[in-house]
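Please read the structure below before turning to the comments.
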Amino acid sequence: MQGMTPQIIIVLGIMLIASVMLVTELVRSDVVALLTLSALGLSGLVGPQDVFAGFSRPAVITIMSVFIITAGLERSGATRFIGHRLLNLAGPHEGRLIPLIMLAGAALSLVMNNIAAGAVLLPAIVGVTRQTELKPSKLLMPLAFATMLGGMATLLTTSNILVNNALREAGLQTFSVFDFFPVGLPLVLAGTLYMLLVGSKLLPDHAPAGAPRVATARELSELYGLQQAISQLYVCGGSVMAGQTISAASWSEKLGLSIFGVSRGGKILLPPEKNLVILEGDIVLAGGEASSSALEACGLIRTVDPAWKGDLASDEVGLIELILSPRSDFINQTLKQINFRDKYGLSVLSIWRKGAALRAALGDVALQWGDALLAQGPRDKIKILRADPNVLVLDEDDAPDVQPRKAPLAVAIVLLALALATANIFPVAEAAFAAALALVLTGCLTMDDAYRAIEWRAIFLIAGFIPLGIALEHSGAAALIGHTLVGTLGQLGPVVMAGGLFLATTLVLQVVGNVGSAVIFAPIAINAAQQMGADPRAFAMAVALGTSMAFLIPTAHPVNVMMMGPGGYTVKDFVRVGWGMTVVLFIVVMIALPIVWHL
């Protein structure tokens with residue numbers, strides 16, 4: 001066995017630097033992947049034919065196809081129908097809802113992206129909690145965990161596809177669509193039982209800010225503390241704010257206030273247009289904090305308007321909650337940078353972050369994962385917002401452009417593709433691509449919808465990191481690390497080796513994510529199996545399963561982050577519930593994997 005060579009040192013150095021950049025988030029993850037690709041090519045560790053080969057690999061084509069298939073199922077209304085039917089079947093009973101939510105989330109994740117599966121069921125679950133005494137905190141973490149459990153039972157998960165690609169690169173037999181199912185199904189059932197019997201008792205029993213049973217517009221404003229935070233400001237004669245439009249007067253810059261409404265002659269204008277001229281005698285409804293001296297200097301005094309009954313919504317104006325989607329372009333941007341109000345015709349009244357409502361100078365607040373926003377605006381504008389992939393609106397209103405008549409056709413196309421791939425009539429990538437194309441040709445979604453459905457950041461992230469796996473293999477780094485593992489764990493047998501790979505992947509996943517952990521450990525697992533004379537697919541599956549074990553911290557997977565705001569969770573909540581789930585699943589893996597793969 002060769003020792004450490006210059007090529008191995010360089011590739012391990014590049015991998016280490018990339019890992020540090022991913023952990024520290026100094027650079028966006030997709031940019032890190034492209035920098036890694038460039039470094040491998042310029043250093044000669046990967047040949048010219050392989051530098052950009054990731055973009056044409058079957059793994060990338062499969063993942064792109066899954067994004068389109070997911071969109072087709074959503075646009076047809078098939079996924080919403082399934083989710084609502086299951087929730088209606090459970091009724092307002094936590095003991096029935098938790099297993100049904102988890103089984104539904106896992107089932108959808110068999111053919112959908114995990115994040116999309118969570119996003120499909122999230123609004124329906126929030127709707128159930130608002131109509132009952134149930135708390136979102138009791139249901140949303142189980143949903144997040146369920147989507148990851150479902151991903152362990154199918155090939156059609158990003159990290160599983162990448163591990164499968166490593167097998168293909170090594171010239172070995174690859175997985176079929178449901179090779180994961182014999183091990184994944186026990187994991188789904190064990191995870192569901194754990195959450196029902198143990199996890200449910202560890203989940204926090206609260207709603208964000210004490211949410212009410214039925215979230216009417218007024219109750220939403222109370223939920224975010226707006227009733228107490230809104231100032232009613234009388235515009236005195238001679239006020240410097242009078243005679244100017246809201247935009248020109250720069251209320252936010254001068255006073256740190258956001259204008260929610262204007263009371264004029266007993267009529268409430270909700271929300272006022274930016275070009276509305278404020279008149280002497282108006283009463284301005286504003287959120288934020290401004291000192292009495294600053295208000296006095298602008299000719300404003302606090303008052304109580306008898307015409308305003310505390311409502312921030314009307315027949316024409318709605319009040320909605322929304323969260324940022326995990327790969328939203330809005331992350332780390334302010335509302336001003338997004339130009340949110342002009343773009344959507346809606347005003348953000350408050351931001352819910354880490355258990356507290358932010359109401360001051362919202363335009364300058366950089367948005368983060370897990371933020372929930374309370375927005376106000378015309379109801380026709382809200383319908384447009386629902387179609388934006390950057391946000392997820394938390395209510396059960398009909399989704400835009402849903403075509404219920406296409407649902408049976410969309411489901412039939414996807415099932416046919418799965419059958420063809422499972423029977424090995426067509427390779428997985430070709431079957432998935434054909435299904436995506438068929439959904440477009442049959443009108444389940446348009447070609448423009450298909451382009452928008454693809455998470456291009458994810459595609460560049462995956463395609464950029466695939467050459468790293470090639471470099472680990474060709475440089476001998478994977479073989480060297482595999483040899484080291486065999487020398488330490490190998491003498492204890494293949495079962496212990498598989499368990500070690502599973503645990504190592506699980507730990508690394510928490511800091512570098514599922515894509516990075518899959519690319520790093522798949523070639524190592526394959527080399528270790530070959531050196532021990534074990535089935536490489538068994539060790540590769542141990543790694544693949546480990547890449548879905550994002551239960552310990554919320555940042556390990558975007559679907560966890562998506563649930564934090566609506567569920568009112570903290571990092572401690574995930575640690576408290578997730579460690580037990582991790583232990584239970586590790587035990588199941590150590591039992592099921594050797595039985596299925598004859599280790």
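Keep in mind that the numbers below use all heavy atoms, side chains included, and drop hydrogens, waters and symmetry copies.
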Candidates D329, L367, L324 - the one meeting side-chain contact (heavy atoms from CB on, under 4.5 Å) with N390
D329
Just so I know, are the side chains of M563 and F145 near enough to count as touching, which here means a heavy-atom distance under 4.5 Å?
no
Mind checking whether L416 and L420 have side chains closer than 4.5 Å, heavy atoms only?
yes
4.5 Å side-chain heavy-atom contact, T192 and M195:
no
Between L545 and V183, is a side-chain contact (heavy atoms from CB on, under 4.5 Å) present by the stated rule, with each step listed?
CA-CA 9 Å; L545 295 173; V183 178; 3.7 Å; yes
Let's go through S176 and D179 carefully: what are the C-alpha distance in whole Å and the side-chain angles of both, what is the deciding distance for side-chain contact (heavy atoms from CB on, under 4.5 Å) to 0.1 Å, and is it a yes or a no?
CA-CA 5 Å; S176 66; D179 275 350; 2.9 Å; yes
So does F433 have more than 12 non-hydrogen atoms from other groups sitting under 6.0 Å from CZ?
no
Distance (rounded to the nearest 0.5 Å) between I9 CD1 and I14 CD1:
12.5 Å
Do the side chain of T154 and the main chain of L110 share a donor and acceptor less than 3.5 angstrom apart?
yes
The residue among L409, L445, D449 that forms side-chain contact (heavy atoms from CB on, under 4.5 Å) with L439 is L445
Return the minimal non-hydrogen interatomic distance between G191 and L585, and the atom names on each side.
N-CD2, 4.1 Å
Reported CD1-to-CD distance for the pair I526 and E169, which is rounded to 0.5 angstrom:
9.5 Å
Looking only at heavy atoms, what is the nearest atom pair of A18 and F465, with distance?
CB-CE2, 4.4 Å
Checking side-chain contact (heavy atoms from CB on, under 4.5 Å) against V577, which of L203, T582, V198 comes through?
L203
Side chain of S109, backbone of G150: donor and acceptor closer than 3.5 Å?
no
Would you say the side chains of S517 and N514 form a donor-acceptor pair under 3.5 Å?
no
Between F521 and V508, is there a side-chain heavy-atom distance shorter than 4.5 Å?
yes
Just how far is it from atom CG of N165 to atom OG1 of T62, taken to the nearest 0.5 Å?
9.0 Å
Does A550 offer a backbone N or O that forms a donor-acceptor pair with the side chain of N560 under 3.5 Å?
yes
Of the non-hydrogen atoms in G567 and S137, which two are nearest, and what is the gap between them?
O-CB, 3.4 Å
Would T570 and D573 count as a side-chain contact (heavy atoms from CB on, under 4.5 Å) here? Give the steps.
CA-CA 5 Å; T570 64; D573 293 330; 3.3 Å; yes
Among I524, N527, I520, find the one that has a side-chain contact (heavy atoms from CB on, under 4.5 Å) with I481.
I524
Minimal non-hydrogen separation, M152 against S548, with atom names:
CG-CB, 3.4 Å
Taking all heavy atoms of V51 and all of P467, pick out the closest pair and write down the distance.
O-CG, 3.3 Å
CZ/F181: more than 12 non-hydrogen atoms of other groups inside 6.0 Å:
no
Nearest 0.5 Å please: distance from the CG atom of L12 over to the OG atom of S475.
7.0 Å
Quick one: pull up CZ in F460 and CG in L34 and give me the separation to the nearest 0.5 Å.
6.5 Å
Donor-acceptor pair, distance only, cut-off 3.5 Å: does the side chain of T157 make one with the backbone of S159?
no
Given side-chain contact (heavy atoms from CB on, under 4.5 Å), test V188 with M102 step by step and report yes or no.
CA-CA 8 Å; V188 171; M102 295 197 68; over 6 Å; no
Can you check whether L552 reaches V575 side chain to side chain, under 4.5 Å on heavy atoms?
no
Taking all non-hydrogen atoms of both residues into account, name the closest pair between V163 and A540 and its distance.
CG1-O, 3.4 Å
L468 versus V11: any side-chain heavy-atom pair under 4.5 Å?
yes
Does CZ belonging to F175 count more than 12 external heavy atoms closer than 6.0 Å?
yes
Tell me, do F551 and W579 make a side-chain contact under 4.5 Å, heavy atoms counted?
no
I'd like to know if the side chain of K138 reaches the main chain of S200, judged simply by a donor and an acceptor atom lying under 3.5 Å from each other, with no hydrogens or angles considered.
yes
Just verifying a value: how many Å separate L100 CG and L121 CG, rounded to the nearest 0.5 Å?
11.0 Å
Side chain of R576, backbone of L202: donor and acceptor closer than 3.5 Å?
yes
Polar side-chain atom of Q7 near backbone of A471 as donor-acceptor pair, under 3.5 Å:
no
Would you check if F180 and N160 make a side-chain contact, meaning some heavy-atom pair closer than 4.5 Å?
yes
